[in-house]
Visitor: 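Dumping the structure here so I can ask a few things about it.
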Amino acid sequence: MQFRSTRSHDPQFSFKDAVLRCLPPDGGLFVPSSVPDMRQFFLYMDEKTSYSELVATVAPTLLHGELNPFSASRVAESAFDFEPELQQLDEDYSILNLYNGPTGVFKDFGAAFLAAVLEELLKNNGQAMILSAARGDTGVSLAKAFQGRQGLISVMLYPSGHIWGLDSSTFVTNGGNIIPIQIRGTFDDCQRLIGETINDRPFAERYNITSANTINPGRLLPQAFYYLYAFIKIKKSLSGGLVFSVPSGNFGNLIAGLYAWKFGLPVTGFIAAMNANNAFGDFIRGGRFTPRPLISTNSPALDVSFPSNYERLLAFYEEAPAVMRNMVFPGSISDQVTLKTMELAWKQYNVLLDPHSAVAFAAARELAESADYSGHVHTVILATGHPAKEADLVEEATGKIIKIPEKLNLLGKKSDPIALIDPQLDSLEGAIASCF
Ligand SMILES: *Cc1c(COP(=O)(O)O)cnc(C)c1O
């Protein structure tokens with residue numbers, strides 16, 4: 001599979017080049033330039049197939065010429081010591097739990113694959129230093145994915161504020177390969193510094209520097225795998241259509257679902273489940289997208305006013321606007337309905353949902369009611385965050401006190417960066433150089 005920019009059909013990039021560049025030179029985003037039909041694989045897999053088996057089977061075909069089946073098995077096994085988990089609630093609904101990774105959010109799936117595949121693609125072939133802007137649990141997710149990987153050094157730039165959950169024994173200063181640096185500045189300063197470092201060609205080439213933020217195709221593409229996985233787990237009990245409801249902020253997860261559909265996944269549609277930040281719904285319905293000011297909600301990961309994947313979604317709609325209109329349905333859920341849905345999921349199904357997953361469940365229920373397709377369509381709700389991460393809200397909604405798993409408890413432990421610097425390129429380059 002080759003990649004191109006959303007802004008041009010030429011040139012084409014290999015997966016490795018696209019991952020190492022992160023962004024195409026023209027300022028667009030990388031998208032697949034052709035999509036292989038994968039039906040022959042996952043139509044014959046069934047509920048006995050494990051997640052790493054599925055990835056090991058699908059990845060070499062997707063990345064033909066770059067990842068052979070042996071390499072793909074190594075990548076799948078070393079990336080995934082956790083699996084998605086499909087839980088069928090009734091005839092109409094299932095939950096796809098994507099929060100079993102090290103930081104309890106679905107983003108662990110992309111980070112884990114990216115780190116493992118980069119190690120494999122660079123094997124015996126040099127080193128790479130991956131710069132990422134980090135806040136919240138993203139830093140931990142990346143650190144867990146990259147720690148101990150040969151030939152890879154992960155530099156994480158944190159804005160001012162607290163840093164949690166890092167293990168100092170994995171830092172370069174202690175013989176590891178992780179470099180957390182705190183910038184006296186904002187998240188935007190971190191992003192800007194990454195761009196400046198990459199553009200300082202002599203420095204970037206000395207360390208072979210690249211970036212791994214969420215729009216890297218190496219994090220996005222592997223998210224398509226768990227849609228295929230949900231299908232092979234549920235297909236035996238499907239009698240009608242299949243819909244996925246996706247809590248959407250930057251729309252990476254939804255786009256990964258659309259890729260799965262392009263690979264041949266027999267899916268009826270996707271629900272783009274938003275909270276009150278729902279301006280993007282206008283675009284999905286065929287109107288213009290006019291960003292609106294941000295509203296703070298109880299599902300903060302969906303509080304996004306301009307989705308970073310906008311150009312990727314636009315590319316889908318430009319290609320086939322009528323098809324897309326019948327494929328993606330927007331939903332918008334208030335804080336109050338989010339809480340009510342968390343309560344309902346607990347009372348009716350004995351299932352604890354975090355607020356983001358509850359937004360997806362509520363949007364699915366609203367659509368099912370308005371379209372009246374009960375019994376004809378099965379909807380898979382993507383549960384993107386571990387309920388224990390929002391324990392207070394879950395307790396408020398359900399009355400249930402959650403026991404926080406030990407690994408998530410450790411995320412709350414304060415960490416110190418190895419350097420605290422001003423938001424300037426020479427300070428950052430100095431801090432990196434002093435590690436070696
Ligand atoms: C990041 C995140 C989302 C939103 O995913 P996008 O790919 O940005 O749409 C949803 N839920 C949780 C818990 C998240 O962390």
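For ligands, and for the atoms within them, numbers begin at 1 and follow the listed sequence.
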Visitor: Evaluate M274 against I333 for side chain to side chain contact (heavy atoms under 4.5 Å, CB included), listing each step before the verdict.
Guide: CA-CA 6 Å; M274 290 164 276; I333 302 301; over 6 Å; no
Visitor: Between D189 and R184, does any side-chain N to carboxylate O distance fall below 4.0 Å?
Guide: no
Visitor: Suppose the criterion is salt bridge (Lys or Arg N to Asp or Glu O under 4.0 Å): which pairs have a residue in residues 285-313, not counting sequence neighbours?
Guide: R7-E311, D282-R285, D282-R292
Visitor: For K235, what residues pass the side-chain contact (heavy atoms from CB on, under 4.5 Å) criterion, not counting sequence neighbours?
Guide: F231
Visitor: Please list, chain by chain and in numerical order, all residues satisfying side-chain contact (heavy atoms from CB on, under 4.5 Å) with S33, sequence neighbours excluded.
Guide: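 side-chain contact (heavy atoms from CB on, under 4.5 Å) check on S33 returns Q2, R4, Q12.
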Visitor: Please determine if E395 and K400 form a salt bridge, counting it only when a charged side-chain N lies under 4.0 Å from a carboxylate O.
Guide: no
Visitor: What does the list of residues with a heavy atom under 4.0 Å from ligand 1 look like, ordered by chain and number?
Guide: V105, F106, K107, P247, S248, G249, N250, F251, G252, N253, A301, L302, H356, T384, G385
